[in-house]
Number of protein chains: 2
Amino acid sequence: MKKTHKRSDCPVSRALDILGDKWTLLIIRDIVFGGFRFYNEFLNSGEGIATNVLSDRLKLLEQNGFIESKQYEKQRTKKLYLLTEKGIGLIPIVVELLIWGFDFDTSLPIPEDRKVIIARMKYDKENLIKEITESVRKHDSKNFC
Amino acid sequence: MKKTHKRSDCPVSRALDILGDKWTLLIIRDIVFGGFRFYNEFLNSGEGIATNVLSDRLKLLEQNGFIESKQYEKQRTKKLYLLTEKGIGLIPIVVELLIWGFDFDTSLPIPEDRKVIIARMKYDKENLIKEITESVRKHDSKNFC
DNA sequence: CCGGATCCGTTTCGATACTG
DNA sequence: CAGTATCGAAACGGATCCGG
């Protein structure tokens, strides 16, 4: 499913072995900032991920302890995907990616309704991360993005 | 050289189109925290990157404005690879990756000589990032890692 | 319907050997 | 020293199928 490649002992290397692809961090972002919890939500996030790739990544994230999956009580055919504490630890990385993107990818205008949250990312980062983290822990995402 | 895949307009998506692989952010890390500037240094960083992959990634990083290459005056057969301002903007992301790695990859002991810098990453992050950034701008890397 | 699994043609990656 | 060339392996993406 994933390539096995000899790696240095640096934690960053090993982290990138799992996170270092085009999809994995987008899934994390969608959980954190989109409040996504279902397979279908990720699939229709607008990124155009294929079903098999999504399936792969969710499995890989679960195997590596970033997310956990549960039956959805209200609809037994559905599964909930939730961040673990390990996965919640990725929130600062995602926030930095977002900040970087809005700072350096100036080819697109920033939607009005995002400007507030982007400003907070930059000028009140620590508190924002705490808020988001608490929100994700309680599974009552406020759809920050 | 790189796959072209339809992407959403989100800056994070587009950033991950370039940064989202196992090698690119390691190269950035090596520039920032290792003070690396030459092809050979990246090649022998201990990560085991292949020559063509390194070549590809350096080219890609340059094409996308993250690094620039210059002739090395003291040895004309050598090339210097330096971060641009856009690349310097990635430093917070790399720092967060490092922090995450040391927090959540507990399978390896943290070397004594890194504990100080890791502590600073967590408790004096903003100032540390400023110091590193200035250091990288002046090309007198202090080998923070 | 929902969450995948499987197959398959195409693209990309990467290890090694080789070159200017 | 700094890369190319080659070529098999892996990953991708789309379509389709399947079990609940």
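Just so it is clear: chains get the letters A, B, ... in the order the sequence lines come, proteins before strands, and each one is counted from 1.
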Using atom [atom1] of [X] as one end and atom [atom2] of [N] as the other, report the distance to the nearest whole Å.
| X | N | atom1 | atom2 | result |
| --- | --- | --- | --- | --- |
| A/I67 | C/dG3 | CD1 | C1' | 13 Å |
| A/L54 | C/dT6 | CG | C1' | 16 Å |
| B/L80 | D/dC1 | CG | P | 15 Å |
| A/L60 | D/dA10 | CG | C1' | 14 Å |
| A/D21 | D/dC12 | CG | C1' | 11 Å |
| A/F42 | D/dG13 | CZ | C1' | 20 Å |
| A/F36 | C/dG3 | CZ | C1' | 17 Å |
| A/I49 | D/dA11 | CD1 | P | 15 Å |

Between A/Y72 and A/F38, is the gap from one ring center to the other below 6.0 Å?
->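 Yes: the rings meet the under 6.0 Å criterion.
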With distance as the sole test, does [X] use its side chain to make a donor-acceptor pair with the main-chain N or O of [Y] at under 3.5 Å?
| X | Y | value |
| --- | --- | --- |
| A/S45 | A/F42 | yes |
| B/K86 | B/N64 | yes |
| B/E96 | B/P92 | no |

So, is B/R57 near the phosphate of C/dG14, with a side-chain N or O under 4.0 Å from OP1 or OP2?
->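 True: B/R57 side-chain N/O within range (under 4.0 Å) of C/dG14 OP1/OP2.
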N or O in side chain of A/W23 less than 4.0 angstrom from D/dA11 OP1/OP2 |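 No, A/W23 has no side-chain N/O under 4.0 Å of OP1/OP2 on D/dA11.
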Set of side-chain hydrogen bond (donor to acceptor under 3.5 Å, both in side chains) partners for B/K115, sequence neighbours left out |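 B/K115 satisfies side-chain hydrogen bond (donor to acceptor under 3.5 Å, both in side chains) with B/E112 once adjacent residues are dropped.
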Does the side chain of B/S107 pick up a donor-acceptor pair with the side chain of A/R14 at under 3.5 Å?
->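 Short answer, yes.
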Look for any protein N or O under 3.5 Å of an N or O in nucleotides 2-4 of chain D and output each such pair with its distance, or none.
residue : atom : partner : partner atom : Å
D/dA2   : OP2  : B/N40   : N            : 3.3
D/dG3   : OP2  : B/Y81   : OH           : 2.4
D/dG3   : N7   : B/Y39   : OH           : 3.1
D/dT4   : OP2  : B/S55   : OG           : 3.3
D/dT4   : OP2  : B/K59   : NZ           : 3.3
D/dT4   : O4   : B/T51   : OG1          : 2.6

